[in-house]
Each structure stands twice: as structure tokens, then as C-alpha cells.
Amino acid sequence: MLKLLPWSCLISMLSIAAVAHGQGQAPLTQVRQINQLTNAQAANSLPVRLRATVTYASPEDGGLFVQSDGLGTYVNYSGQTPLSPGDQVLITGVTDASFRPEVTASQVEVLAHGNLPLPKPATFEDLIQSRFDSQYVSIRGHVIAAATRNPGLRLQVAVPHGIVAVHIAHPGNLRTEDMLDAEVSLTGVAGGEFDSRMQLAGVSLDVNSATQLTLVHPPVSNPWNLPLVPLDQVVYAFRDGNQSQRVRVAGTLIYYEGGEVAVIEQNGQGILVETDTFVPMQTGDSVEAIGFPAIVDQNVRLERAQLRSLQEKGTATPHIVDWEHASQGKFAYELVAMEGEVVAQVHDARVDLLILKHEKHLFSVTLRHSSSDFANGAQPSPLPDIGSQVRVTGVCFVDAGNHWQDRLWFDLRMRSLSDIAVLQQPPWWTVQRMTYVVTALSAIILVAVIWVGMLDKRLRSQTAILARQSQEDAIRERQLARLEQQRSHILELISSSAPLNDVLREIQVLVTSRLFGASCAFELHSADGKVQQPSDTGVIFRELFLPDGSSLGYLTATPLAQRVGESDIASTLEIGARLAELAIDTRRLYSDLHHRSEYDLLTDIPNRFSMEKKLNDLMAGGRRNEGVFGLIYVDLDHFKQVNDRYGHRIGDLYLQESTRRMKLQLRNGDMLARIGGDEFIALVPILRSRADAEEIVHRIERCFDEPFNLEGYQLHGAASIGLAVYPEDGANQEDLQRWADSAMYAHKQEKRQQETPLDEKQPR
């Protein structure tokens with residue numbers, strides 16, 4: 001059996017480095033190899049062919065987490081193959097850079113379905129330091145927030161020293177109200193929450209289904225039964241370090257963006273609520289909220305909160321305020337109404353923005369299209385024109401700052417376009433519009449004066465220009481006609497079987513004639529080495545390239561500077577170079593196709609087509625001269641076992657080494673051809689007797705005695721051989737090959753009882 005070399009780990013790491021530096025194209029086959037890459041290396045789209053187990057399949061974007069040998073990675077996949085946790089898959093794709101190197105898959109093939117790996121117990125410290133990134137883990141903690149999201153269920157789970165965001169893709173019958181304050185155990189894939197720079201900003205756990213959640217201790221009580229707390233007493237439950245106590249408040253919903261933020265007002269006082277709740281609600285609804293107090297920028301708010309509607313309407317009257325009061329932060333997160341003049345407006349797909357001026361002060365008004373009133377069927381209408389006097393109703397969102405020392409920048413957030421009322425339309429004839437009209441008239445008059453002056457000058461020079469252009473056009477047309485004729489002739493030579501040197505000589509004639517007799521030459525690279533770039537003064541050159549970018553050499557010219565312009569020199573060299581590149585590439589393609597048609601690409605020996613041509617020639621010569629030649633049929637024993645046991649790479653090397661050994665046993669003038677996967681025919685002309693051919697058969701059989709050492713494997717090979725001699729064993733091609741094939745199979749049957757199977761050994 002195969003034994004791994006003790007240096008295999010080191011070799012694996014070196015192969016990763018070689019691929020990452022562009023030294024090879026072998027695909028990465030292990031998660032460990034991918035994880036050892038840097039993001040700079042992963043960005044080079046290195047090939048991947050990876051076998052692993054699916055630990056999480058996202059229902060949103062088709063992304064996967066997979067794991068193999070205790071390590072995990074993320075796979076971007078947008079295909080249609082249905083996948084589920086436990087599937088054993090073969091992933092084909094390339095590497096990509098992200099928070100950690102990941103894989104972008106072009107194909108995912110399901111091989112089988114098995115069990116998920118055993119989860120690793122993880123602490124918050126393990127998760128925040130990414131020790132188990134993309135791995136299947138388990139945590140245990142206390143549910144402090146739960147919200148239904150489409151798709152799935154989102155939990156906030158408090159564990160020692162931190163909070164983990166949990167996403168359950170298929171929650172089944174789990175209800176958010178049953179989860180709050182419960183102690184649970186969860187298994188899923190460790191991940192992270194990231195900012196726009198893909199820097200870690202929190203930890204997460206992706207859970208496949210409700211079966212991976214275990215209720216350790218149910219909640220002691222229903223948090224919705226907590227006593228109601230006035231908004232001005234919410235701060236009493238605040239504790240630093242995520243130790244705040246949950247509180248319950250009620251009031252009128254005055255602003256709501258589902259799954260993001262809400263503002264609740266009670267007795268003229270408002271509070272900001274950050275929530276994952278994503279249920280249909282409208283401003284003006286009476287609602288309840290439970291959450292944890294926090295102090296941010298000297299304002300009290302509720303975090304990780306849940307909302308629910310009381311199925312009745314509340315009341316909220318906006319405060320009439322001016323810029324002075326709003327900029328002091330006195331009405332932060334309260335419903336206010338302000339008046340001002342529209343001085344600017346911006347509209348895009350996600351937000352409408354107005355800049356208003358109130359008593360020489362500017363402030364912003366926004367309408368986010370994700371707000372509940374706008375999203376629930378509100379039809380967009382034109383924003384007020386610039387210069388309009390308007391009254392705006394909205395919630396006053398205040399930016400961070402010290403309200404004791406300075407004014408605060410604030411933003412009024414409207415709920416819908418009905419929150420803005422036009423008090424006075426802008427006058428049509430404004431100073432700004434008058435300035436536009438005067439500027440436009442002045443520009444028209446100036447353009448007219450300039451146009452009249454230019455027209456007079458142009459008319460006086462037009463006749464001379466037309467005459468000169470007519471002469472130049474006639475000369476150019478004659479030159480183009482001659483050039484096209486020469487180029488057509490050269491293209492005909494390229495398409496024919498004319499020698500390459502004749503074609504290049506015609507190209508030199510074309511370039512020389514275009515450059516009025518300038519000397520022209522081709523300096524092409526040879527097998528002995530590359531020519532140096534021309535450096536002589538006055539020599540103009542253009543390097544020649546094949547389509548793959550490899551250099552062929554140079555086309556040089558020494559033009560007569562006083563007769564030829566630089567643009568003509570460049571265009572002429574470009575024409576000559578392109579024709580030369582086409583001629584050289586065409587000849588090389590023809591040579592390559594001819595070689596491919598007559599030679600086996602793996603072993604670089606003649607193929608069946610070449611062998612049959614040679615055999616026909618030998619038989620024709622044998623009939624004319626009563627000559628004798630031999631046909632030796634060789635079949636490699638147990639070749640299928642080589643491919644099955646060691647892979648096609650070792651099988652190819654075995655074929656190449658076998659070919660090399662057999663060729664060494666033949667004489668000059670003999671031909672060895674590969675006619676099938678493991679089948680060869682050797683043609684042996686100029687035989688004196690059958691014994692001569694049998695001697696060659698013996699040498700070929702003995703060349704397999706020495707073991708084959710192929711990339712760390714030692715193989716013992718053998719071949720079955722059959723001999724046919726013309727005309728003794730056959731007077732035509734079919735009979736001769738049939739005789740040799742029968743002799744080979746007889747030899748194979750003779751050896752079958754005494755032959756040992758293909759062996760392998762670890763080299764010393």
C-alpha cells in the first residue's frame with residue numbers, strides 16, 4: 001500500500017507558495033491550503049478543487065460554509081444545485097479575498113450525504129478572535145432579543161463576556177415570544193459581522209434549523225408582563241457593560257424603519273428604539289416595547305428591543321419649534337414642526353433630502369424610503385421647488401456633540417410626503433432667474449459676433465484649402481491603391497504554400513517602396529538565442545509578436561528623413577509588422593497542426609495515422625523488392641491499475657517513461673507508434689530473418705525489468721508483446737496486425753498465471 005512521505009506537510013506548504021506566486025497551476029485541494037493563503041495571494045484567483053462537507057447553506061444568496069479535516073471556509077455559490085447540511089460535495093472554483101481567503105465556486109457537485117462534523121465548544125473569546133472562523137461550533141447562553149426576519153429568525157444571545165448574533169435559517173415552529181430570556185444551547189457555523197471595510201465588528205452564529213437549538217431552561221416569566229416604565233425613568237435600569245435590566249415602555253409610534261429603528265412618544269417625550277422587529281406598523285399606532293436601556297451621546301435609548309402593536313391608535317402632537325430650540329437638543333427624538341425656505345433638494349432611489357433656511361440658519365430634512373409610512377403604499381410626488389416656503393413635520397434626530405458648549409446639527413426625518421406643506425410658492429421672476437436670462441442673451445450676442453468674423457476668414461481661405469486637399473487626395477488614393485494591391489498579393493502568398501522567406505521578402509519590398517527606397521530588414525530570433533534590440537542611430541524598428549505575446553524579433557528600417565514623415569514611418573512599419581506576424585503565425589499554426597495530426601501529444605511519438613502510412617509504404621516496398629519487415633504489437637500490462645491506484649498523472653508519466661525505454665531498444669529507421677491508451681506498434685524494416693525481430697522483441701520485454709520511480713512511487717511494469725513478420729504472417733495490413741494482436745494475447749495469457757500484480761514501494 002501507498003505510504004506518505006514524512007515531508008508531505010512541508011511539500012504541501014511549498015506547493016501553496018509556488019501556486020500563489022504564479023509558479024504553477026495545480027488546484028488547491030484542502031481547506032488548510034486555502035486558510036494558509038494571504039488575502040493578496042487569494043486575490044489572484046488560484047484554482048480550487050476541494051472535497052468537503054456542507055455545514056451551512058444560506059437560503060438568501062446560496063452561500064455555503066464547508067468543513068474538512070476540522071477546518072472551515074466560506075464558498076460563494078450562485079448555482080442552482082440544491083444543497084443541505086451534511087452533503088459531501090466537490091467544489092470547483094477559484095480563491096478570492098475577503099475577511100479571510102474564501103472560494104468563489106463555478107460548480108458544486110454533490111457526492112453523497114453524510115453526518116455533520118462534531119461541533120467544537122466555543123467561548124466568546126474564541127469567536128471574537130476568529131479562532132474557529134467558518135467552523136462548526138456550539139455555544140450556550142441567554143436569549144436577550146428575538147425577531148422574525150425574512151427569511152429566518154434572528155436572536156441576540158448573551159454568553160459570558162459578550163453577545164452573539166444568531167441567525168436561524170429555518171426556524172420551523174420556533175416563536176420569538178418563547179425565546180426571550182430562555183437559556184439555550186446552539187450549534188452552527190462561527191462567523192462575524194463586518195463593517196463596510198470588511199473589518200470584524202461583532203460575532204455571529206449561522207444555524208441551519210430549529211433542530212440545532214436546545215432549550216436548556218425555559219424563561220422564568222414573560223418579559224411582556226414587566227411593569228410599564230415612564231420614559232423619563234428608563235435610565236434607572238441602565239447598568240454599564242451590557243448589564244442593563246430589561247424594561248417595558250408604551251406610547252405612540254412616531255417613526256419606524258422596520259428592522260432598524262423606531263421612535264416612541266409618551267406625554268410629549270420621545271425615546272429612540274433600536275430593534276430587529278420587522279412587522280407592519282404605521283406611525284400613530286399605540287405600541288409597546290421591551291428592551292435594554294443604553295446611553296449614547298448623552299441620550300437615553302432602548303437597544304435590542306422588541307416592538308408590538310396594541311391594535312389601537314395613539315395621539316402625538318408636534319411641537320412648534322424654531323432653529324434655536326432644535327439646535328440645543330431640547331427636542332431630540334420628539335415630533336416637531338418647523339418652517340423654512342427650500343434652498344436645495346436631492347432625490348435618489350433611497351432618500352429625499354431638502355435643505356431649509358430658517359432665520360439665516362440651515363438645517364436638513366430627509367424622507368427615507370425605508371420608513372414605514374413611505375414603504376406601505378405611499379406614492380412619491382414632486383418635492384417642493386427651490387424658493388418655496390414650507391412647514392415640515394418630523395422627528396428631530398440630533399447628531400453627537402456637547403449641547404452645553406455648542407449648537408448641535410439636527411435632521412428632521414419625515415415619515416411620508418404628507419409631512420411637508422407648501423405655505424408659499426416661489427416667485428417666477430427671481431434675481432437668480434433674471435441673471436440666467438441676461439447671461440444667456442450676452443452669450444448669444446458674443447457667439448454671433450465671433451461667428452461672423454470667423455465666417456469671413458473661412459470663406460477667404462476655403463478655395464485654397466479645397467484645391468490643396470484635392471491634390472493631396474488624388475496622390476493619397478494612388479498610394480492607397482498601390483498599397484492595397486501589394487497587400488493583397490502578400491495575403492495571397494500567406495494563404496498559399498509559398499515559403500516564408502518569399503513572403504517576408506515581399507513585405508520588405510512593400511515597406512521599402514512606401515518609405516521611398518529606405519533599407520528594410522527582418523531580424524528574427526532563432527533557436528540559438530534572441531537578437532538584440534536595434535540601437536543604431538537613425539534605425540526605426542517595430543517589435544514582432546505572436547498572439548500569445550512572445551517576441552519574434554524586429555522589423556527595422558532606415559528611412560530617408562527628408563522625404564518621409566514620422567506618422568508615415570510608423571504606419572508603414574505597423575502594416576509590415578502585422579503582415580509579417582500573420583505570415584509567421586500562419587506558418588507556425590500549419591506546422592503545429594501537421595505535427596498534431598501525425599504524433600501522439602502525450603508521448604511525442606507517431607500516432608496510428610502515421611503508423612498506417614508507414615506500414616503501407618513498407619508493404620508497397622516489400623511487394624516491389626520482396627522485402628521482409630516486422631510488426632511488433634505491445635500492450636502494457638495492468639495499466640488500468642496504475643490509473644486507478646495512483647491517478648492519471650502517474651499514469652501519464654508511466655506511459656512517457658515506457659515509451660522512452662522502448663525507443664531505446666529500437667534501431668535507427670525503426671518506428672514506435674502509440675495506437676491506443678496502452679497499446680503500441682513498432683515497425684521494424686530491413687530484417688534478414690525472423691530472429692532479428694525476435695531479438696528486438698526480447699529487448700523490449702526486458703526494458704520493463706527495472707522498476708519505474710515516478711514522483712515518490714515505485715512501480716514494477718511489464719508488457720505483453722506479439723510479433724508478425726511480412727509476408728510470412730500476413731500479406732496485407734489487416735492480416736499482419738491480426739497476427740501480431742493474436743500473438744500478443746497469447747503471450748498475455750501465458751504470463752497471467754505467473755505474473756504478480758503491479759507493486760508499489762516507497763523510494764529510499
Side-chain angles (χ1 to χ4, degrees), residues 147 149-150 193-197 201 253-265 270-285 296-297 299 301 303 305 307 316 318-319 321 323 326-327 329 331-358 361-401 407-423 426:
R149 300 297 293 267
N150 188 18
E193 298 186 320
F194 305 97
D195 61 17
S196 58
R197 298 168 297 175
L253 186 68
I254 59 174
Y255 188 83
Y256 179 51
E257 290 184 45
E260 297 292 338
V261 66
V263 180
I264 298 175
E265 184 177 281
I271 188 169
L272 182 69
V273 179
E274 292 183 354
T275 178
D276 285 337
T277 300
F278 204 101
V279 295
M281 287 188 287
Q282 296 283 334
T283 56
D285 291 348
V296 180
D297 297 328
N299 285 291
R301 63 179 61 179
E303 293 182 341
L307 290 174
H319 304 284
V321 301
W323 184 89
S327 63
F331 295 96
Y333 307 114
E334 295 183 9
L335 189 65
V336 301
M338 293 183 66
E339 295 183 2
E341 177 187 353
V342 179
V343 297
Q345 60 175 234
V346 177
H347 172 76
D348 68 16
R350 295 182 297 176
V351 65
D352 294 319
L353 169 66
L354 297 176
I355 301 298
L356 269 59
K357 182 172 70 174
H358 176 79
H361 298 290
L362 299 177
F363 63 95
S364 63
V365 178
T366 57
L367 173 59
R368 296 173 180 247
H369 298 176
S370 55
S371 65
S372 60
D373 289 15
F374 187 93
N376 291 330
Q379 297 299 320
S381 58
L383 296 174
D385 293 331
I386 294 176
S388 301
Q389 293 290 331
V390 298
R391 178 186 296 116
V392 177
T393 303
V395 177
C396 185
F397 280 73
V398 179
D399 286 0
R407 300 293 185 179
L408 303 178
W409 179 261
F410 62 91
D411 172 43
L412 291 191
R413 292 196 190 178
M414 299 187 296
R415 288 77 56 86
S416 69
L417 285 171
S418 61
D419 281 338
I420 187 167
V422 178
L423 304 179

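- Using a 4.0 Å cut-off between a side-chain N of Lys or Arg and a carboxylate O of Asp or Glu, R413 and E257 qualify as a salt bridge.
- Rounding to the nearest 0.5 angstrom, the gap separating the CG atom in L353 from the OG atom in S364 is 6.0 Å.
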Show the numbers, then the answer: is there a side-chain contact (heavy atoms from CB on, under 4.5 Å) between L383 and L417?
CA-CA 8 Å; L383 296 174; L417 285 171; 3.9 Å; yes
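- Put simply, the side chain of L423 reaches to within 4.5 Å of the side chain of E339, judged on heavy atoms.
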Would L307 and I264 count as a side-chain contact (heavy atoms from CB on, under 4.5 Å) if you check the C-alpha gap in whole Å, the side-chain angles of each, and the deciding distance to 0.1 Å?
CA-CA 10 Å; L307 290 174; I264 298 175; 3.8 Å; yes
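- Panel note: side chain T366, backbone R368; no donor-acceptor pair is recorded below 3.5 Å.
- Counting only distance, with no hydrogens or angles, the side chain of S327 and the backbone of W323 share a donor-acceptor pair below 3.5 Å.
- When all heavy atoms of V273 and A305 are compared, the pair lying nearest together is CG1-CB, 3.4 Å.
- Shown here for V343 and I386, the closest heavy-atom pair between the two residues is O-CG2, 3.8 Å.
- Inter-residue side-chain proximity for M338 and V392 is flagged as unmet; no heavy-atom pair is nearer than 4.5 Å.
- Heavy-atom minimum distance, D385 versus P426: CB-CG, 4.0 Å.
- The line from CE of M414 to OG of S371 is 9.0 Å long, rounded to the nearest 0.5 Å.
- Contact of the E303 side chain with the V296 side chain is registered, since non-hydrogen atoms from C-beta on lie closer than 4.5 Å.
- We find the CZ-OH distance between R415 and Y256 to be 15.0 Å, quoted to the nearest 0.5 Å.
- The minimum heavy-atom distance between T393 and A337, with the atom names listed, is OG1-CB, 4.0 Å.
- Using modelled atom types and a 3.5 Å distance limit, the side chains of H319 and E334 yield a donor-acceptor pair.
- Here the side chains of L362 and L356 are not in contact, with every heavy-atom distance at 4.5 Å or above.
- A distance of 11.0 Å separates NE2 in H369 from OG in S416, rounded to the nearest 0.5 Å.
- Taking 4.0 Å as the cut-off between side-chain N and carboxylate O, R350 and D348 do not count as a salt-bridged pair.
- Distance check, rounded to the nearest 0.5 Å: NE2 of H347 to CG of L367 gives 9.5 Å.
- For Y255 and F397, the gap between ring centers is short of 6.0 Å.
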Could you go through the side-chain contact (heavy atoms from CB on, under 4.5 Å) check for L354 and Q345 one step at a time?
CA-CA 4 Å; L354 297 176; Q345 60 175 234; 3.5 Å; yes
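- Across every non-hydrogen atom of V321 and V336, the tightest pair is CG2-CB, 3.8 Å.
- Checking I271, L253, I254, T283 one by one against E265, the side-chain contact (heavy atoms from CB on, under 4.5 Å) holds for a single residue, I254.
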Using side-chain contact (heavy atoms from CB on, under 4.5 Å), reason through F363 and D411 one step at a time and then give a plain yes or no.
CA-CA 7 Å; F363 63 95; D411 172 43; over 6 Å; no
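- Nearest heavy atom pair, residue A332 against residue N299, reads CB-OD1, 4.0 Å.
- Taking CG of D399 as the reference point, atom CZ of F410 lies at 10.5 Å (rounded to 0.5 Å).
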